[in-house]
Amino acid sequence: MSVTDQAFVTLSTDDVYCQGALVLGQSLKNHRTSRKLAILVSAQVTERMRTVLSSVYDDVVEVNVLDSADTVNLALMKRPELGITFTKLHCWTLTQYSKCVFMDADTMVLCNVDELFDREELSAAPDSGWPDCFNSGVFVFRPSLETYHRLLQYAAEHGSFDGGDQGLLNSFFSNWATTDISKHLPFIYNLSSSSVYTYIPAFRQFGSDAKVIHFLGSTKPWSCKYNPQSQSVTEEGTALGHQQLAFIVLWWETFISSVLPLLAEHENTGDAGSPQEKQHYGGIEITMKREDSFSSQSSPPVVEPAAESSPPGSPERTVELAHSASELSIHLREEEQRTEEERKKWEAGQMDYMGKDSFENIQKRLDRFL
């Protein structure tokens, strides 16, 4: 049964983070949430991306960007971009809802998490870096204009000890660590993908119960190169842990199966006389070819990370998109040989998520290297 006065809420201030927001929204829908989905966007989010967002989210709400302007603390964290996370405070203005769960755009649910709405404000999971502080990537709250204005006043008078929203919210809700244990969400509701391999025994013991994965830090799935056929992930200059890789693979599988078709469906085909057109959605470049431009000699349309190329000497790997007026099929092209049966399955979008392509099997393969 749908609950119309409660919502999962997220935020995106540009088209790049919208890629994460779309995966988050689709993961909530794939796991049959009964709550509404709402997203706060800034003026920097393009109209075409808002159109795509509206196919996943019930409410797309434009808000003004708030900036902490705390360059000193942000420099200490080496994360200057976190200043605009103050924009998250606008979530308290969504008074059409009685209770909400905020989730950062770089999170993804692994199962239905509607039980979070049984918690009260401010419920959150401990931060892996300082457990007496909560991580503000996932939290339960009650929209209130009074709370919103009190937060703004507190920010003006006291600022944030880390320059971002997490420092501000921990100071404002300063009794979180000591008063009510029911407001402490288990870590499985905000599992940092970058920290799981620092305590591998605990991950092996409890990781199968994870409900929300948080791609915390500067490494985001959409900044990595992903080869769906070999299920390999690479990011230049960054060492990724085996468990972290497994979650990034799962993010990309959700993106390819659920988000990429939406991007193509809402693509503006542009000049009717042009046989193909390139469009950018954040860091993803889409090359669309019209149906009548296809021939046995021509290549299908290509979708790949924008402004990126394969390393010298490596086989070219791209994700291809075959698009017609009434249907969309996603398939892969590699210069490496593969069987005709595999090719047909990928072209039909028939990934074996319950079999060889399931998250559990990916994890088992990665565990062999530990």
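Worth knowing before you read on, the calculation uses all heavy atoms, side chains too, and leaves out hydrogens, waters and symmetry mates. Residue numbers start at 1 and run along the sequence shown.
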Heavy-atom distance under 4.5 Å between the side chains of [X] and [Y], does that happen here?
X: L53; Y: V41; value: yes
X: Y154; Y: S171; value: yes
X: H214; Y: D106; value: yes
X: L263; Y: V52; value: yes
X: L24; Y: D104; value: no
X: P186; Y: F206; value: no
X: I39; Y: S12; value: yes
X: R150; Y: F172; value: yes

Is the backbone N or O of [Y] less than 3.5 Å from a side-chain atom of [X], with the two atoms forming a donor-acceptor pair by type?
X: T95; Y: S144; result: no
X: K183; Y: V140; result: no
X: D114; Y: T33; result: no
X: T93; Y: H90; result: yes
X: D162; Y: G167; result: yes
X: S208; Y: R204; result: no
X: T147; Y: P143; result: no
X: H184; Y: W176; result: yes
X: N170; Y: C133; result: no
X: Y57; Y: A21; result: yes

Can you tell me how far apart [atom1] ([X]) and [atom2] ([Y]) are? Round to the nearest 0.5 Å.
X: Q19; Y: W222; atom1: CD; atom2: CH2; value: 7.5 Å
X: L191; Y: S128; atom1: CG; atom2: OG; value: 9.0 Å
X: T179; Y: F173; atom1: OG1; atom2: CZ; value: 11.5 Å
X: L169; Y: S174; atom1: CG; atom2: OG; value: 12.0 Å
X: M49; Y: S54; atom1: CE; atom2: OG; value: 11.5 Å
X: E253; Y: I248; atom1: CD; atom2: CD1; value: 12.5 Å

Legend entry - Trace of the side-chain contact (heavy atoms from CB on, under 4.5 Å) decision for L185 with L116: CA-CA 9 Å; L185 297 181; L116 286 173; 3.8 Å; yes

Inset, instruction - Evaluate the criterion side-chain contact (heavy atoms from CB on, under 4.5 Å) for residue pair S42 and D14; output intermediate values, then yes/no. - result: CA-CA 7 Å; S42 70; D14 57 38; 5.9 Å; no

Heavy-atom pair with the smallest gap, counting every atom of [X] and [Y]:
X: T254; Y: Q26; value: CG2-CB, 4.5 Å
X: G164; Y: S160; value: O-OG, 2.6 Å
X: K99; Y: F117; value: NZ-O, 2.7 Å
X: C111; Y: K211; value: SG-CG, 3.5 Å
X: C91; Y: V9; value: CB-CG1, 4.2 Å
X: V138; Y: A124; value: O-CB, 3.6 Å

Legend entry - Cluster link V113 to L110, ILVMFWY, side chain under 4.5 Å: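 Shared cluster, yes.
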
Inset, instruction - Indicate if L40 and L152 have the same hydrophobic cluster label, given that clusters are the connected sets of ILVMFWY residues with side-chain heavy-atom separations under 4.5 angstrom. - result: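 Cluster IDs for L40 and L152 match.
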
Legend entry - Short N-O contact, R50 and E62, less than 4.0 angstrom: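 A salt bridge links R50 with E62.
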
Inset, instruction - Tell me, please, which residues at least two apart from S182 pass side chain to side chain donor-acceptor pair (under 3.5 Å). - result: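 Counting only residues at least two positions away or on another chain, S182 forms a side chain to side chain donor-acceptor pair (under 3.5 Å) with D180.
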
Legend entry - Inter- and intrachain pairs under salt bridge (Lys or Arg N to Asp or Glu O under 4.0 Å), touching residues 138-147, at least two apart: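 Counting only pairs at least two positions apart or across chains, the salt bridge (Lys or Arg N to Asp or Glu O under 4.0 Å) contacts touching residues 138-147 are E120-R142.
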
Inset, instruction - Have a look at F134 and tell me which of D127, L122, N190 forms a side-chain contact (heavy atoms from CB on, under 4.5 Å) with it. - result: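 Of the listed residues D127, L122, N190, the side-chain contact (heavy atoms from CB on, under 4.5 Å) partner of F134 is L122.
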
Inset, instruction - Give a yes-or-no answer on whether the side chains of Y189 and N135 include a donor-acceptor pair shorter than 3.5 Å. - result: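 No pair is found: no donor N or O on one side chain lies under 3.5 Å from an acceptor on the other.
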
Legend entry - Validation row, ring centre W251 to ring centre Y226 under 6.0 Å: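 Centroid distance W251-Y226: not below 6.0 Å, so no.
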
Inset, instruction - Take W92 and Y148 through the test ring-ring contact (aromatic ring centres under 6.0 Å, His included) and record every step on the way to the result. - result: CA-CA 5 Å; W92 269 272; Y148 172 69; 8.5 Å; no

Inset, instruction - Apply side-chain contact (heavy atoms from CB on, under 4.5 Å) to M103 and V212, showing your working. - result: CA-CA 9 Å; M103 303 185 73; V212 179; 3.6 Å; yes

Legend entry - Residue pair W252, F255: steps toward the ring-ring contact (aromatic ring centres under 6.0 Å, His included) verdict: CA-CA 5 Å; W252 270 102; F255 181 87; 5.3 Å; yes

What side-chain donor-acceptor pairs closer than 3.5 Å can you find for residues 1-8, not counting sequence neighbours?
{"unit_1": "D5", "atom_1": "OD2", "unit_2": "S98", "atom_2": "OG", "d": "3.0"}
{"unit_1": "Q6", "atom_1": "OE1", "unit_2": "R35", "atom_2": "NE", "d": "2.9"}
{"unit_1": "Q6", "atom_1": "OE1", "unit_2": "R35", "atom_2": "NH2", "d": "3.0"}

Legend entry - Worked verdict on I213 versus T107 for side-chain contact (heavy atoms from CB on, under 4.5 Å): CA-CA 6 Å; I213 185 67; T107 62; over 6 Å; no

